[in-house]
Amino acid sequence: MKDVIQELLGQALHQLVKKDYLPKEVIKEPAEEIEISNCPDPKMGDYASNIAMKLAKTAGLPPMQLAEMLVEHTSRSRHIADITADKPGFINIKLADSCLFKIIIDVLEDGDLYGYRQPEERQRICVEFVSANPTGPLHVGHGRGAAYGASLSALLDAAGFDVHREYYVNDHGRQMDILAVSVWLRYLELCGESVNFPASGYRGDYVYDIARLIRNEHGDHLRHNKFEVSDNLPPDAKPDAKPDAKSGADADTADGAAEDDPGDKEKHIDALIQRARELLGKDGFRIVFKTALHAMLDNIRTDLAEFGVEFDEWFDEHKLDKSGAIDRTLQQLRDAGHVYEKDGAQWFRATTFGDSQDRVVVRDNGRTTYFASDIAYLESKLLRGYKPAIYVFGADHHGYIPRLKAAAEGLGHDPDDIEILLVQFANLYRAGVRLSMSTRSGEFTELRQLREEVGNDVARYYYIMRSHNQHMDFDLEQAKENDLDNPIYYIQYAHARIASLFRKLEDEGVRYNQAIGIDSVKLLTNDYEQQLIRGLLQFPELIQIAAEKRSPHMLAHFSHELARKLHTYYNAERILVDDENLRNARMCLLAATAQVLRNALRIMGCSAPEQM
RNA sequence: GCGCUCGUAGCUCAAUCGGAUAGAGCACCGGCCUUCUAAGCCGGGGGUUGCAGGUUCGAUUCCUGCCGAGCGCGCCA
């Protein structure tokens, strides 16, 4: 509908230019350049344009006068009931009733696809999100990225993009080796060996679960005694050592602390990994490694699936190495002259493209860095034709943006072809007390726990109801215990309420006749009904705006608003009246409202219950 | 020190790439169930949009500086 109005105003501008009332500079080339917004107050009209104020300067006319001229020259359309120039220079447009009523029919006809744009050719884009290292279960911090990424993907799909959802599996790095060693040590523990557990090992119970799995499968075949395992290793740090502990004792007052704890936990764990490889051999280590990896991926996959988050592809990092993609991409950068050697390592000259420093891609020991994989992965995405390739990162990764953009540019791409969205942290509160999210405290960390405590719908909604670049407080008390105040229940209740009316009708043996209803929609003239219809009208436009702004939280607000309109209507008017025409017309409106609520809830990843 | 994201009602947050009187929820106060789900509705109080400047017809939005919060600045992943 907006495009119709843009078109009409565009034509009016052309006419005024043709008559020499206005200079030709005022012509906005694509009509879409003409901004159309919703009126803040429905009494003013349905749509508003600020075009007269925008062009006042180039036209050399006061905004109000220009607005009036435009109104005069806008050709009469059957869609428009009224068009006026108002106060500072806005042009307000009121839609014809017939136009509004038709919305109900549109919704009923389009059904699950109402609000969805379906262009002939869909632009292919990729959304990569979560991508947590498979070294442990997902924690609540990943939850927001998961909920945001999934809803954003659904939103972009609705807006007409061909969306590819991708999870990048870091199955190649040192962290995975540490997990494997952690599992192996727990396995040895189960075998009866009393080995020390390293400070930087993974301590969660899930590590024992995997160890148990291996022992069931392979018995004691991978057992080595504790002396073989720990002899001649560099000393470990204390298990509880916190590098940046801010306790009262500072280095200068308690210099004994350093001597008590001379170990380097990083050197220790690296040596331990090496030892494990030696003792287990290539095959033995692989058994532990693969079992751990698969167990964790299963865990994560199941967790996400239960959360309603699905991916089209799980992209394994190691494939980039195996296929030679990393080498090829690095060679490409070398050929372009963006790589140099220093201190035995190879550096990507990221500073040429605005990064604050150059970045190592090949270490002096010959191994490629994590960033080298990132570059190859980036190239893979762009070669596959995604435009843009969207990354959803936690806010703590914002430092990666300049180097990734630099890499894209170094490979000869437009840096705008990759788009990096940051999701800010969510703080969990219980009864006003902030819960620690560190793994060490073990207080409340797993996404699974959160889902079990508050439910999937609540978790999904709470995660996305705030703008992704806004820090957010997630209060478990409000989310769970006080469900009267929970916005997601409020929305779902509106949907259930409508379903309940249809049930009621059936119980009373009265048939709902949609044909009669559609013929009678013109009876829906009271304020409440008009408000609801306008809500339905706004939905497709909201999808487009929210998608452009990568802001699924706008759907949360929209849904709440639509639910409020429904509840208000329900309280003010009796829906199931005796008059057959009016009753069926109202039921049509409610059916359409339920449909829009369903569509919005689906994009947000929440269910639309028939009863509550 | 440098950089990124922010700062809006008592609390949690909106505000459609700069628009009309800055809006919701929670909390607080007062009304509405013999009738379709009261998990609801209606009404009320509550604001110098962190501070100071600047840009223009118009600023919560854009620019500069300051104050404050969170997070980053490795041949770690």
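Letters A, B, ... are given to chains in the order of the sequence lines, protein chains preceding strands, and every chain is numbered from 1. Only this structure's heavy atoms are used, side chains among them; waters, hydrogens and symmetry mates stay out.
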| message | Using the ring centroid of each side chain, check whether A:Phe502 and A:Tyr512 are separated by less than 6.0 Å. | response | yes
| field | Under-3.5 Å donor-acceptor pair between A:Asp396 side chain and B:G72 base | value | no
| message | Mind checking if A:Asp507 touches a base, just sugar-phosphate, or nothing, with heavy atoms under 4.0 Å? | response | nothing
| query | When all nucleic acid strands are considered with a 4.0 Å heavy-atom cut-off, which category describes A:Gln357: base, sugar-phosphate, or nothing? | reply | sugar-phosphate
| B:G58: pairing nucleotide in any strand, Watson-Crick or G-U under 3.5 angstrom | none
| What is the pairing partner of B:C28, taking Watson-Crick or G-U wobble pairs with both distances under 3.5 Å in any strand? | B:G44
| Is A:Arg497 touching bases, backbone alone, or none of the nucleic acid, heavy atoms closer than 4.0 Å? | sugar-phosphate
| message | Tell me the interatomic distance from A:Asp355, atom CG, to B:G72, atom P, rounded to whole angstroms. | response | 17 Å
| field | Worked check of ring-ring contact (aromatic ring centres under 6.0 Å, His included) between A:Phe539 and A:Phe558 | value | CA-CA 8 Å; A:Phe539 183 61; A:Phe558 169 85; 5.4 Å; yes
| task | Using only side-chain N and O atoms of A:His471, determine if any of them is under 4.0 Å from OP1 or OP2 of B:C4. | result | no
| message | Parallel, tilted or perpendicular, judged at 30° and 60°: which one describes the rings of A:His338 and A:Phe348? | response | perpendicular
| said: Could you tell me how far B:U49 sits from B:G7 if I compare only their P atoms? Round to whole Å. | reply: 14 Å
| task | For the side chain of A:Phe425, starting at C-beta, report the closest nucleotide among B:G70, B:U12, B:C76. | result | B:G70
| query | Nearest to the side chain of A:Arg564, which nucleotide is it out of B:C13, B:A20, B:C42? | reply | B:C42
| What nucleotide, of B:U16, B:C76, B:C36, holds the atom closest to the side chain of A:Leu576? | B:C36
| query | Which listed nucleotide (B:A20, B:C6, B:C76) is nearest to the side chain of A:Asn92? | reply | B:A20
| task | Quick one: label A:Arg574 by what it contacts on the DNA or RNA (base, sugar-phosphate, nothing), any heavy atom closer than 4.0 Å. | result | base
| field | Between B:U21 and B:G58 - C1' atom distance, rounded Å | value | 15 Å
| request: Using the P atom as the reference point in each nucleotide, state the distance between B:C62 and B:A24 in Å, no decimals. | output: 24 Å
| If each of A:Asn571 and A:Ile91 is mapped to the nucleotide of RNA chain B with the nearest heavy atom, which maps nearer the 5' terminus, i.e. the 5' end? | A:Ile91
| task | Could you state the atom-to-atom distance from OH of A:Tyr202 to C1' of B:C76 in whole Å? | result | 11 Å
| query | What integer number of Å spans the P atoms of B:G45 and B:G50? | reply | 24 Å
| Base paired to B:C4 (Watson-Crick or G-U; both N/O distances under 3.5 angstrom) | B:G70
| query | Side-chain N or O of A:Tyr490 less than 4.0 angstrom from OP1 or OP2 on B:C41? | reply | yes
| message | When the C1' atoms of B:G23 and B:U16 are compared, how many Å lie between them, rounded to an integer? | response | 14 Å
| task | Identify whether any heavy atom of A:Glu573 sits under 4.0 Å from a base atom; if not, whether one sits that close to sugar-phosphate; answer base, sugar-phosphate or nothing. | result | base
| request: Classify the angle between the aromatic ring planes of A:His557 and A:His553 as parallel (below 30°), tilted (30 to 60°) or perpendicular (above 60°). | output: perpendicular
| request: Using whole Å, report how far OH of A:Tyr463 lies from P of B:C13. | output: 15 Å
| query | At under 4.0 Å between heavy atoms, what does A:Asp343 touch on the DNA or RNA strands: base, sugar-phosphate, or nothing? | reply | base
| With a 4.0 Å cut-off on heavy atoms, is A:Ser467 in touch with a base, just the backbone sugar-phosphate, or nothing at all? | sugar-phosphate
| Over how many whole Å does the gap from A:Asp41 atom CG to B:G23 atom C1' extend? | 13 Å
| Worked check of side chain to side chain donor-acceptor pair (under 3.5 Å) between A:Thr84 and A:Asn92 | CA-CA 5 Å; A:Thr84 53; A:Asn92 287 323; 4.7 Å; no
| task | State whether the distance check finds a donor on one side and an acceptor on the other, under 3.5 Å, for side chain A:His398 versus base B:G3. | result | yes
| C1' spacing across the pair B:U48 / B:A9, given as an integer number of angstrom | 13 Å
| A:Glu529 and A:Tyr569 side chains, donor-acceptor separation under 3.5 Å | yes
| query | For A:His567, which contact category applies under a 4.0 Å heavy-atom criterion: base, sugar-phosphate, or nothing? | reply | sugar-phosphate
| query | Looking across every strand, which nucleic acid part, if any, lies under 4.0 Å from A:Gln492 by heavy atom: base, sugar-phosphate, or nothing? | reply | nothing
| task | For A:Arg503, answer base if it contacts any base atom (sugar-phosphate contacts may also be present), sugar-phosphate if it contacts only those atoms, and nothing otherwise; contact means non-hydrogen atoms under 4.0 Å. | result | base
| said: Measuring to OP1 and OP2 of B:G18, would you say a side-chain N or O of A:Asn50 lies under 4.0 angstrom away? | reply: no
| message | What contact category does A:Ala48 fall into here, base, sugar-phosphate, or nothing, at under 4.0 angstrom with non-hydrogen atoms? | response | base
| task | Take atom CZ of A:Phe393 and atom P of B:C73, then tell me their distance rounded to the nearest Å. | result | 13 Å
| For the pair made of CD in A:Glu35 and C1' in B:G18, what is the distance, rounded to whole Å? | 8 Å
| task | Whole angstrom is fine here: how far is it from CG in A:Asp578 over to P in B:C36? | result | 14 Å
| request: Scan A:Phe371, A:Phe315, A:Tyr167 and name whichever one has a ring pair (Phe, Tyr, Trp, His ring centres under 6.0 Å) with A:Tyr377. | output: A:Phe315
| RNA chain B: 5'-proximal contact among A:Met472 and A:Glu610 (nearest heavy atom) | A:Met472
| Looking across every strand, which nucleic acid part, if any, lies under 4.0 Å from A:Asn469 by heavy atom: base, sugar-phosphate, or nothing? | sugar-phosphate
| said: Under 4.0 Å from OP1 or OP2 of B:U16: is there any side-chain N or O of A:Gln544 that close? | reply: no
| Between A:Glu506 and A:Arg503, is there a side-chain N and carboxylate O pair less than 4.0 Å apart? | no
| With sugar-phosphate meaning primed atoms plus P, OP1 and OP2, does A:Ala56 contact a base, only sugar-phosphate, or nothing at under 4.0 Å between heavy atoms? | nothing
| query | What is the ring orientation for A:Phe474 with A:Tyr463, classed by angle as parallel under 30°, tilted 30 to 60°, or perpendicular over 60°? | reply | perpendicular
| field | N-glycosidic conformation, B:C57 - syn within 90 degrees of 0, else anti | value | anti
| request: Could you tell me which nucleotide pairs with B:A15 by Watson-Crick or G-U wobble geometry, both distances under 3.5 Å, or answer none if nothing does? | output: none
| query | For residues A:Arg466 and A:Gln424, is any side-chain donor paired with an opposing acceptor at under 3.5 Å? | reply | no
| query | Using atom C1' of each nucleotide, how far apart are B:G47 and B:C36 to the nearest Å? | reply | 41 Å
| message | From CD of A:Gln470 over to C1' of B:G70, roughly how many Å is that when rounded to an integer? | response | 11 Å
| said: By a 5.5 angstrom centroid cut-off and a 30 degree plane limit, is there stacking between A:Tyr570 and B:G40? | reply: no
| task | Assign A:Thr568 to base, sugar-phosphate, or nothing according to its heavy-atom contacts below 4.0 angstrom with the strands shown. | result | sugar-phosphate
| query | Does a side-chain N or O from A:Lys549 land closer than 4.0 Å to OP1 or OP2 of B:C17, or not? | reply | no
| Roughly how far apart, to the nearest Å, are B:U61 and B:G46 at atom P? | 24 Å
